[in-house]
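Hydrogens, waters and symmetry mates are skipped; everything else that's a heavy atom, side chains included, is used.
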Amino acid sequence: MGTGSAERPRRVAVIGVGIVGACVGWNLSRRGAEVVFIDAGRPGEGVTDWSFSWVNASNKTVRRSYFDLNVAGMAAHRELAGIIGPDSWWYPGGHLRWADDPAVEAKFLKTAELLGSWGYRVEVSTGAEVRRRLEPALALPDEVPVLLYPDEAWVHGRHLVGRLVGQVVAAGGELRSDTEVRDIGTGADGSVRNVALSDGSRLDVDLVVNAAGPGASQIAGLVARHLPMRREPGIVTRIDCARAVPIHRAMHAPHIEIRPDSDTSMVLHSREIDALIDTGEEPAELARLLHELARRAVPELADSRIAQTRVAFRPIPADGFPSVGAVPSVPGYYEAVSHSGITLGPVLGRLLAAEILGGGRAESLADFRPERFPQ
């Protein structure tokens with residue numbers, strides 16, 4: 001191979017431009033790669049925009065390596081905010097959690113104790129103290145224990161994706177929106193050579209990153225790979241407030257998750273309501289239930305109104321953990337598929353870009369390699 005060929009920037013197609021794909025592409029571009037973003041819709045407007053968007057590791061205690069990866073994701077967000085500026089996407093301020101059921105309360109207090117033993121910051125307060133110091137609009141009993149995780153945050157995912165994609169395009173990258181990948185072409189040696197798009201074009205590329213979220217198994221199938229995914233729908237509702245949003249941070253109130261989304265809008269989600277999606281209940285009725293639960297936690301929301309509701313499918317590999325890295329059977333094909341993409345996007349982007357362009361394998365991804373799924 002001649003010198004000129006060796007020095008040519010590697011051309012990488014990033015398929016799927018949600019938070020994970022945007023972070024991978026941004027990190028690749030910063031390391032000198034020529035990035036082509038391809039999205040079947042618009043950047044950041046899929047599941048990234050219809051997520052609770054909570055940056056945390058307190059909900060990730062099922063496996064220590066997964067917890068550690070999420071802690072690294074939190075740190076990577078803070079670092080990213082320092083590099084590109086926090087303006088319209090980064091909202092630190094902590095996260096609150098309390099319950100109205102003794103069994104649920106006991107469980108989360110036990111989790112807090114475990115997290116504290118792992119060095120994760122958590123403060124236990126009372127309802128009265130939280131209302132006095134942090135959130136006066138909340139309706140919660142004076143003596144109820146409330147957990148504050150001060151290092152957690154929420155992210156406006158669509159705004160962050162827009163910033164990252166904009167920087168990549170400004171640096172010479174390319175964006176193909178509203179365009180589906182129809183085929184991934186390989187050479188005689190089985191390695192990736194090109195991608196065929198729904199607009200009839202075919203792009204020569206050196207590498208492909210599958211960051212297609214809920215559509216990742218379909219993209220994997222284009223290289224004859226089986227990537228098993230869970231079917232896990234979630235419903236998210238946005239409400240418009242009559243005045244300024246009455247809360248200041250993300251929180252898990254009894255039966256409902258709520259957070260600000262702008263100065264005058266909020267996001268609502270509940271796993272209990274998610275469980276009703278497949279019963280045939282209309283999304284509008286599920287949104288009404290979410291709205292009622294939110295009004296119980298924040299009475300000032302009595303005159304708020306439902307603005308938008310969507311059911312989105314979470315991008316979760318079958319065992320619940322990320323699938324990140326090279327697939328040895330298809331040289332040049334990589335996966336970046338994960339639930340909790342909002343928390344993990346910046347760290348997965350950094351680690352995967354380093355592997356793609358620098359070689360090596362990050363130890364922190366050892367439990368999350370694609371090859372654990374047999375072909």
Within a radius of less than 6.0 Å around [atom1] of [X], do more than 12 heavy atoms belonging to other residues, nucleotides or ligands occur?
| X | atom1 | value |
| --- | --- | --- |
| E113 | CD | no |
| E129 | CD | yes |
| D263 | CG | no |

With a 4.5 Å cut-off on side-chain heavy atoms, are [Y] and [X] touching?
| X | Y | value |
| --- | --- | --- |
| T126 | V146 | no |
| D49 | R310 | no |
| M266 | D261 | no |
| P317 | F373 | yes |
| I356 | V209 | yes |
| L293 | E272 | no |
| V71 | K60 | no |
| F52 | V267 | yes |

Under a 4.0 Å threshold between the charged nitrogen and the carboxylate oxygen, would [Y] count as salt-bridged to [X]?
| X | Y | answer |
| --- | --- | --- |
| D278 | R231 | yes |
| R288 | E292 | no |
| E257 | R259 | no |

Query raised in the report: For W26, which of L80, V14, V35 qualifies under side-chain contact (heavy atoms from CB on, under 4.5 Å)?
Result: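 Filter result, single survivor: L80.
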Report task. Have a look at L28 and tell me which of L207, V12, L352 forms a side-chain contact (heavy atoms from CB on, under 4.5 Å) with it. Result ->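 For L28, the side-chain contact (heavy atoms from CB on, under 4.5 Å) check succeeds only for V12.
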If every non-hydrogen atom of [X] is compared with every non-hydrogen atom of [Y], which pair is closest and at what distance?
| X | Y | value |
| --- | --- | --- |
| L227 | A220 | CB-CB, 3.9 Å |
| L301 | P246 | CD2-CG, 3.8 Å |
| A212 | I219 | CB-CG1, 3.8 Å |
| I239 | S304 | CD1-OG, 3.8 Å |
| A22 | V165 | CB-CG2, 4.3 Å |
| D274 | I235 | OD1-N, 2.9 Å |

Requested in this report: From the options W98, Y149, F108, W54, select the one residue that forms a ring pair (Phe, Tyr, Trp, His ring centres under 6.0 Å) with H252.
Outcome: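 Among the candidates, only W54 passes.
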Using the rule that two of Ile, Leu, Val, Met, Phe, Trp, Tyr join whenever any of their side-chain heavy atoms come within less than 4.5 Å, decide whether [X] and [Y] are in one cluster.
| X | Y | value |
| --- | --- | --- |
| L147 | L96 | no |
| V337 | V181 | no |
| V155 | Y91 | no |
| L351 | L160 | yes |
| M74 | Y66 | yes |

Requested in this report: Could you go through the salt bridge (Lys or Arg N to Asp or Glu O under 4.0 Å) check for D142 and R131 one step at a time?
Outcome: CA-CA 9 Å; D142 286 353; R131 279 201 314 276; 2.4 Å; yes
Short question: side chain of [X], backbone of [Y] - any donor-acceptor pair under 3.5 Å?
| X | Y | value |
| --- | --- | --- |
| E355 | A362 | yes |
| T48 | I19 | yes |
| S198 | E180 | yes |
| D240 | R305 | no |
| R31 | N27 | no |
| H95 | W154 | no |
| R369 | A366 | no |
| S177 | R42 | no |
| S53 | S51 | yes |

Query - Cationic tip of R225 above Y333 ring, under 6.0 Å, 45° of axis - result: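 No, a cation-pi geometry is absent between R225 and Y333.
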**Report entry** Aromatic W50 / basic R158 pairing, under 6.0 angstrom, 45° off normal
**Finding:**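 Cation-pi check for R158 and W50: fails.
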Query raised in the report: Hey, are H159 and R163 close enough side-chain-wise for a donor-acceptor pair under 3.5 Å?
Result: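 Result is no, nothing qualifies.
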Report task. Verify the distance criterion only: is there a donor paired with an acceptor across the side chains of S58 and R97 at less than 3.5 Å? Result ->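 No - no donor-acceptor pair under 3.5 Å links their side chains.
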Query raised in the report: D100 and L140: side-chain contact (heavy atoms from CB on, under 4.5 Å), yes or no, with the steps?
Result: CA-CA 9 Å; D100 62 358; L140 70 175; over 6 Å; no
Measuring from atom [atom1] of [X] to atom [atom2] of [Y], what distance do you get when rounded to the nearest 0.5 angstrom?
| X | Y | atom1 | atom2 | result |
| --- | --- | --- | --- | --- |
| L148 | M251 | CG | CE | 10.0 Å |
| L138 | E300 | CG | CD | 9.5 Å |
| N194 | R11 | CG | CZ | 10.5 Å |
| T343 | E152 | OG1 | CD | 8.0 Å |
| R176 | L197 | CZ | CG | 6.0 Å |
| R30 | I83 | CZ | CD1 | 4.5 Å |

Report task. Could you list the residues that satisfy salt bridge (charged side-chain N to carboxylate O under 4.0 Å, His left out) with E105, not counting sequence neighbours? Result ->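 Listed in chain order: nothing, the list is empty.
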Report task. Start with the C-alpha gap between T309 and T237, add the side-chain angles, then the distance that decides, and say whether side chain to side chain donor-acceptor pair (under 3.5 Å) holds. Result -> CA-CA 4 Å; T309 300; T237 288; 3.1 Å; yes
Requested in this report: Take L69 and L348 through the side-chain contact (heavy atoms from CB on, under 4.5 Å) test and state the conclusion after the steps.
Outcome: CA-CA 9 Å; L69 186 63; L348 295 183; 4.2 Å; yes
Query - Candidate pair V161 and E45, rule side-chain contact (heavy atoms from CB on, under 4.5 Å), full reasoning - result: CA-CA 9 Å; V161 169; E45 292 187 3; over 6 Å; no
Query raised in the report: What's the verdict on side-chain contact (heavy atoms from CB on, under 4.5 Å) for L134 and R249, showing C-alpha distance, side-chain angles and the deciding distance?
Result: CA-CA 9 Å; L134 301 173; R249 53 187 49 77; 3.7 Å; yes
